[in-house]
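Inspection log for the structure reproduced underneath, given as structure tokens.
These values consider heavy atoms only, across backbone and side chains, with no hydrogens, waters or symmetry-generated copies. Numbers here simply count residues along the sequence, with the first being 1.
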Amino acid sequence: TVRCTECDHVHKVTPEAESEVERTVIVSQDGESFSTTVSVPPGERVRVGEEFIVETEEAIMQVRITDLETDAETRVSTADAGEVETFWTRAVDNVSVNVTLHPREGDPDDTRSLTAYLPGDYEFTIGETVTLGEDEFEVTNIHVREAAINRYPFEKLGNDGDTVLAKDVKRLYGYEEGTSRAWSAW
């Protein structure tokens, strides 16, 4: 019910439901992709880098927009949702982080890579020691994903105290703690 501000008469009114459009969402995670849909108000302004929740029968996921496709040959960084045909996204609630570990001592050829599976909001800080499973290392450098560069002062961070969320890491570098790869027959 609503009351008229001029005559104080009360009327019953059915509010107009805001219309929504259904759009295709492509979700990428660890080299695999799947398609689903999302309903959005057509006038809502959307941008690359924004995050939203996608619900499917298999999972509920937080995703970040990596591209907006407005037609078969056009991708834009911002648009009204009604103009978007496909939202290209990356899952960011649980992510894989590529890590390069250098030995603190011994042969630099013993550098190795590993992949860590972490919550997207896990923080890495330059200069801090991190333990992931059996690996313990000091974080020395972080390369930021292109879609997240606007959240950080530089694409490559390496100053003590610089912090990056796991969902924004392209690659993380560090020195192994307490390892010596020197070989001895004794």
Side-chain angles (χ1 to χ4, degrees), residues 25-36 38 40 44-56 58-68 75-79 81 84 87-181:
V25 179
I26 306 296
V27 179
S28 296
Q29 184 175 36
D30 289 332
E32 307 225 351
S33 297
F34 67 90
S35 175
T36 187
V38 66
V40 294
E44 182 176 333
R45 196 76 176 157
V46 291
R47 291 172 176 71
V48 167
E50 290 182 337
E51 297 178 8
F52 61 95
I53 302 294
V54 170
E55 295 184 43
T56 67
E58 296 80 22
I60 298 173
M61 306 175 87
Q62 183 176 346
V63 297
R64 177 180 291 160
I65 299 170
T66 57
D67 237 336
L68 299 167
R75 294 198 180 191
V76 297
S77 59
T78 185
V84 175
F87 288 85
W88 291 86
T89 67
R90 175 179 170 262
V92 293
D93 48 357
N94 292 299
V95 298
S96 60
V97 175
N98 295 318
V99 180
T100 298
L101 294 181
H102 303 289
R104 192 164 294 281
E105 301 171 6
D107 189 349
D109 288 340
D110 287 342
T111 293
R112 62 190 180 94
S113 293
L114 61 98
T115 301
Y117 298 94
L118 302 161
D121 59 357
Y122 184 91
E123 289 186 342
F124 288 104
T125 302
I126 302 292
E128 288 191 356
T129 299
V130 174
T131 302
L132 298 175
E134 295 179 9
D135 294 297
E136 186 174 69
F137 58 93
E138 177 189 350
V139 178
T140 58
N141 293 68
I142 303 172
H143 289 200
V144 178
R145 290 184 170 275
E146 187 176 333
I149 290 174
N150 62 345
R151 292 178 169 85
Y152 301 94
F154 301 104
E155 180 181 352
K156 298 176 183 178
L157 301 174
N159 294 324
D160 279 354
D162 288 344
T163 300
V164 179
L165 296 174
K167 64 184 173 184
D168 297 334
V169 174
K170 182 175 183 179
R171 181 165 288 277
L172 184 138
Y173 296 87
Y175 279 103
E176 292 187 88
E177 291 291 330
T179 58
S180 176
R181 300 208 183 249

V48 backbone acceptor or donor facing T66 side chain under 3.5 Å: no
Short side-chain to backbone donor-acceptor contact, R151 and G49, under 3.5 Å: yes
For the student: nearest non-hydrogen atoms of S113 and R171, plus distance: OG-NH1, 3.9 Å
Nearest heavy atoms of D160 and G127, plus distance in Å: OD1-CA, 3.6 Å
Heavy-atom pair with the smallest gap, counting every atom of P119 and A166: O-CB, 3.6 Å
Heavy-atom neighbours of E146 CD exceed 12 at 6.0 Å: no
Aromatic plane relationship, Y175 with H102 - under 30° parallel, 30 to 60° tilted, over 60° perpendicular: tilted
Shortest non-hydrogen contact from I65 toward R47: CD1-O, 3.5 Å
Sidechain-backbone polar pair: T36 side chain, V25 backbone, donor-acceptor under 3.5 Å: no
Side chain to side chain contact (heavy atoms under 4.5 Å, CB included) between T56 and F34, intermediate numbers included: CA-CA 10 Å; T56 67; F34 67 90; 3.8 Å; yes
Main-chain N/O of I26 paired with T89 side-chain donor or acceptor, under 3.5 Å: yes
Whether over 12 other heavy atoms sit under 6.0 Å from E50 CD: yes
SB check R104 E176 (cutoff 4.0 Å): no
Heavy-atom closest pair, residues F154 and V144: O-CG2, 4.0 Å
Whether R90 side chain and V95 backbone form a donor-acceptor pair below 3.5 Å: no
